[in-house]
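Structure, as structure tokens:
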Amino acid sequence: MSALPIELPLRADESAVVPPLPETLEETGLSSALLEQLLLKHLYYRGEILGRELAASVGLKFSLLENIVEMFKRQHLIGVKRSLGIGNMSSVFALTESGRNLAREYLDVNQYAGPAPVPLYQYAELVRRQKRKESWLTPEALREAFRHLVVSEDILLRIGPAVNASKSFLIYGQPGNGKTALAESLFRIDDAPIFIPYALEFQGKIVQMFDPIYHQKIEDQESEISAVSVDR
């Protein structure tokens, strides 16, 4: 998930919060300096990269980055190797020697070179908006989640309120009595994605969150968001 505005829209067909693609640099919540460093690091690792591919690699529209790219050209940090069309979006860029030296300095401070991070305060708002409303779990949905198991009504009456409370709870018992099966069945209650960013930004520091072992990438065709991850 790339940076997102605080005003998070809802999909028309559901109540889920969907992170939008920022329309301006201000909406990203990130400083120009941080984005400049991120772009130089991408260029350093890629060698040569098309303008539109550079934008896709940070999960932002190229129009948001064009002024930065122009500044890099004026400062002779990047050069145009060739052009496949009209404008910077269709140009193939590569770092100059000065650009590579500067990128190495940035990499010494922070090695992250992925999609644009999301400011912590924006992510906190997203988490708040994704929280389930009270009494969201119905008895019918709970029974459906456990219908592949032989579970007594008494067990469901204990699990239901615990899940509905939206707080941590502990399932305990002797080995082999089905604790793992009960816990795994809870994932069948709701398969709606929980959006998380690839990385968080706080006071100029970047902390990577996305782990391909546990998280899945979502391609949102409607908003053309390419930098979205989900925890299930």
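You'll find the side chain of V58 stays beyond 4.5 Å of the side chain of P115, heavy atoms only. In this structure the side chain of V80 reaches within 4.5 angstrom of the side chain of S91, judged on heavy atoms. Counting heavy atoms from C-beta on, the side chains of E201 and L34 come closer than 4.5 Å.
Summarising the local packing, NZ of K179 is surrounded by more than 12 heavy atoms from other residues, nucleotides or ligands at distances under 6.0 Å. Atom CD of Q174 has 12 or fewer neighbouring heavy atoms from other residues, nucleotides or ligands inside a 6.0 Å radius.
For the residue pair K205 and N110, no side-chain donor N or O sits within less than 3.5 Å of a side-chain acceptor on the partner. For the residue pair H148 / S185, a side-chain donor-acceptor distance below 3.5 Å is found, with atom types taken as modelled.
Nearest heavy atom pair, residue N164 against residue L137, reads OD1-N, 3.2 Å.
Taking 4.0 Å as the cut-off between side-chain N and carboxylate O, E153 and R143 count as a salt-bridged pair. Between R158 and D154 there is a salt bridge, since a side-chain N of the basic residue sits under 4.0 Å from a carboxylate O of the acidic one.
At least one donor-acceptor pair closer than 3.5 Å links the side chain of E27 to the backbone N or O of E23. Counting only distance, with no hydrogens or angles, the side chain of K73 and the backbone of I78 share no donor-acceptor pair below 3.5 Å.
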